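From a predicted model like this one, the values you see are computed outputs, not experimental measurements. Values below: all heavy atoms of this structure, side chains included; hydrogens, waters and symmetry mates excluded.
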Amino acid sequence: MVVRTPSNRAAAGALRLALAVAVALPMAGCSMFDKKEDVAPDEPADKLYNEGLAGVSSGDYAAASKKFAEVDRQHPYTDWGRKAVLMTTYANYRAGKYDDAVISGSRYVQLHPTSPDAAYAQYLVAMSYYNQVPDVSRDQERTRKAVDAFEELVRRWPNSEYAETARNRIMVARDQLAGKEMQVGRFYLSRRDYTGAINRFRVVVSQYQKTRHVEEALHRLVEAYLALGITGEAQTAAAILGHNYPDSEWYKASFQLISSGGLKPQENTDSWISKAFRGVIG
C-alpha cells in the first residue's frame with residue numbers, strides 16, 4: 001500500500017503563489033463561508049479571490065473552492081480567473097475531492113500550458129491519482145493513471161521543483177503495478193495454470209525490471225517453465241537471475257530447482273527473457 005503524505009513544500013508553494021496576487025481586503029467574518037450563502041453574481045474578482053484565500057487559511061477548503069470557482073465563472077478571461085482555477089484545484093486536493101482536483105488541474109494545464117504554475121497543476125493532478133492508489137489486491141487503474149500523470153510532468157517540466165518528487169512517486173507506483181502482476185501470477189501458479197502465470201511474470205520482467213519484484217518473477221518463470229517441460233526457458237531465466245542478482249535468495253532457490261532436474265543455468269540469447277534484459281540490467 002502506498003503511503004500517502006501531502007508534500008509540505010508543494011502546499012507552501014501553493015500558498016506563496018496565491019498570496020503573491022492577493023489583495024489585502026477587510027474580511028466580513030466567518031459568515032461569508034456559510035455553505036448556504038449564495039455568492040452575488042457581480043462581486044469583484046479580487047474580493048472573491050481573497051475570500052477564497054481566507055477559506056484556505058482557515059482550513060475550510062470546501063468554502064474556498066466555492067469562492068475560487070465563482071472567480072473563474074464570473075471572470076474567466078482575467079488573471080484572477082486563471083489563478084482561481086489553480087487554487088480551485090489546490091482546495092479540492094486538500095479537501096480530498098480528488099476527482100474534482102483532477103478535472104480542474106487538467107483544465108488549467110490545457111488552458112495555460114506555458115504558465116509558470118502549470119507544473120504545479122500537473123503535480124496536483126498526479127497526486128490526486130496517487131492518493132487513491134488502492135491495496136495491491138484491488139484494481140490498479142488509479143495507479144496507472146498516477147504513473148502516466150507523473151511521467152507527463154517529468155516529460156514536460158523536467159527541471160521543475162516537482163520533477164524529482166514525481167520520479168520517486170513513479171518508482172513507488174510502478175512497484176505497486178508489478179506487485180499486482182505478481183499476485184495474479186502466483187494465483188495462476190497455485191492453480192497450475194502455468195501459461196497464465198508465465199504471462200503475468202513476463203509483464204514484470206519486460207516492463208518492471210527496476211522494481212523489487214523482478215527477482216521473484218524470474219524465479220517463478222523457472223518454476224512455471226519447468227512444470228511445462230520447457231527447460232530451455234527455465235535455464236535462461238535462472239541464468240539471467242544469477243547473472244544480475246547472484247546473491248539473491250531467489251537465485252539460490254532457482255539454482256536448486258534447476259539442479260534437482262540435472263540441469264544448470266544456461267542462457268539462450270534468442271529467448272525473450274534474454275532479449276528483455278539485454279542492455280537494461282547487467
Side-chain angles (χ1 to χ4, degrees), residues 1-14 89 93 96 98-99 101-102 105-106 109 118-186 199-221 237 240-251 272-282:
M1 188 69 178
V2 175
V3 177
R4 308 164 187 134
T5 56
S7 169
N8 290 332
R9 182 177 64 180
T89 304
Y93 172 77
Y98 297 124
D99 291 343
V102 167
S106 299
V109 172
Y120 183 63
Q122 181 67 26
Y123 174 79
L124 290 176
V125 169
M127 283 299 299
S128 293
Y129 285 127
Y130 187 82
N131 283 1
Q132 297 180 82
V133 169
D135 182 84
V136 73
S137 63
R138 302 174 64 185
D139 181 76
Q140 297 298 308
E141 179 184 4
R142 297 285 183 175
T143 312
R144 286 186 285 272
K145 287 184 176 181
V147 171
D148 291 344
F150 280 126
E151 287 181 340
E152 180 75 359
L153 193 161
V154 172
R155 184 183 68 82
R156 297 179 65 178
W157 299 280
N159 299 317
S160 73
E161 63 180 298
Y162 311 104
E164 186 60 29
T165 298
R167 294 185 184 97
N168 292 334
R169 295 285 193 266
I170 288 170
M171 292 176 60
V172 174
R174 285 176 62 81
D175 193 85
Q176 179 88 346
L177 292 174
K180 178 63 176 181
E181 296 294 334
M182 291 301 300
Q183 182 195 53
V184 177
R186 291 189 210 101
N199 288 337
R200 294 294 182 159
F201 301 137
R202 180 169 185 155
V203 171
V204 177
V205 170
S206 300
Q207 299 180 24
Y208 303 114
Q209 289 186 16
K210 295 183 180 181
T211 70
R212 59 192 171 94
H213 298 285
V214 70
E215 298 173 43
E216 182 185 354
L218 286 166
H219 171 69
R220 299 303 182 187
L221 285 172
I240 294 293
L241 180 54
H243 175 71
N244 291 286
Y245 310 99
D247 299 322
S248 169
E249 292 298 321
W250 293 113
Y251 174 60
W272 72 266
I273 305 172
S274 181
K275 291 176 181 179
F277 270 75
R278 196 173 301 153
V280 179
I281 296 181

#### Entry: Working for side-chain contact (heavy atoms from CB on, under 4.5 Å), residues Leu218 and Ile273
CA-CA 9 Å; Leu218 286 166; Ile273 305 172; 3.9 Å; yes
### Task
Answer yes or no: is there a side-chain heavy-atom contact under 4.5 Å between Val172 and Phe150?
no
### Task
Go through the structure and list residues passing ring pair (Phe, Tyr, Trp, His ring centres under 6.0 Å) with Trp157, not counting sequence neighbours.
none
### Side-chain touch Met182/Arg220, heavy atoms, less than 4.5 angstrom
yes
### Summary
CG (Asp99) and OH (Tyr129) are apart, to the nearest 0.5 Å, by 7.5 Å
### Message
With rounding to the nearest 0.5 angstrom, report the OG1 to CG distance, Thr143 to Asp175.
### Response
11.0 Å
### Message
Determine whether Glu216 and Arg186 satisfy the following criterion, side-chain contact (heavy atoms from CB on, under 4.5 Å), listing intermediate values before the conclusion.
### Response
CA-CA 10 Å; Glu216 182 185 354; Arg186 291 189 210 101; 2.8 Å; yes
### Query
Taking the side chain as C-beta and beyond, is there a heavy-atom pair between Val147 and Leu177 under 4.5 Å?
yes
#### Entry: For the student: nearest non-hydrogen atoms of Gln209 and Tyr245, plus distance
O-OH, 4.0 Å
### Query
Nearest 0.5 Å, what's the OH-NE2 distance between Tyr208 and His213?
10.5 Å
### Task
Please report the shortest heavy-atom distance between Arg156 and Val109, naming the atom on each side.
NH1-CG1, 3.6 Å
#### Entry: Nearest heavy-atom neighbours spanning Ser128 and Ala101
OG-CB, 3.4 Å
### Message
Give me the atom names and distance for the closest heavy-atom approach of Val136 to Lys180.
### Response
O-CD, 2.9 Å
### Task
Please check if the side chain of Gln140 supplies one atom and the backbone of Asp135 the other of a donor-acceptor pair under 3.5 Å.
yes
### Message
Return the CD1 to CD distance between Ile170 and Glu151, rounded to the nearest 0.5 Å.
### Response
5.0 Å
### Query
Are Val205 and Phe277 close enough that some pair of their side-chain heavy atoms sits under 4.5 Å apart?
yes
### Spatial distance of atom NE2 (His243) from atom OH (Tyr251) [nearest 0.5 Å]
11.5 Å
### Task
Heavy atoms only: give me the nearest Gly185-Arg200 pair and the separation to one decimal.
CA-CB, 3.7 Å
### Task
Only counting residues at least two apart or in another chain, list the ones meeting salt bridge (Lys or Arg N to Asp or Glu O under 4.0 Å) with Glu215.
none
### Ionic contact status for Asp148 with Arg155, cut-off 4.0 Å
no
### Main-chain N/O of Phe201 paired to Glu181 side chain as donor or acceptor, under 3.5 Å
no
### Query
Does the side chain of Glu152 reach to within under 4.5 Å of the side chain of Gln122, using non-hydrogen atoms?
yes
### Message
Quick check: closest heavy atoms across Val125 and Ala149, and the distance to 0.1 Å?
### Response
CG1-CB, 4.4 Å
### Message
Return the CZ to CG distance between Arg202 and Leu221, rounded to the nearest 0.5 Å.
### Response
9.5 Å
### Message
Using a 3.5 Å distance criterion without hydrogens, assess whether the side chain of Arg212 forms a donor-acceptor pair with backbone atoms of Gly179.
### Response
no
### Message
I'd like to know if Arg167 and Glu164 make a salt bridge, using a cut-off of under 4.0 Å between side-chain N and carboxylate O.
### Response
yes
### Task
Could you check whether the rings of Tyr120 and Tyr162 sit parallel, tilted or perpendicular, using 30° and 60° as the cut-offs?
tilted
### Query
Would His219 and Glu249 satisfy side-chain contact (heavy atoms from CB on, under 4.5 Å), going step by step from the backbone distance to the final call?
CA-CA 10 Å; His219 171 69; Glu249 292 298 321; over 6 Å; no
#### Entry: Worked check of side-chain contact (heavy atoms from CB on, under 4.5 Å) between Glu141 and Arg144
CA-CA 5 Å; Glu141 179 184 4; Arg144 286 186 285 272; 4.2 Å; yes
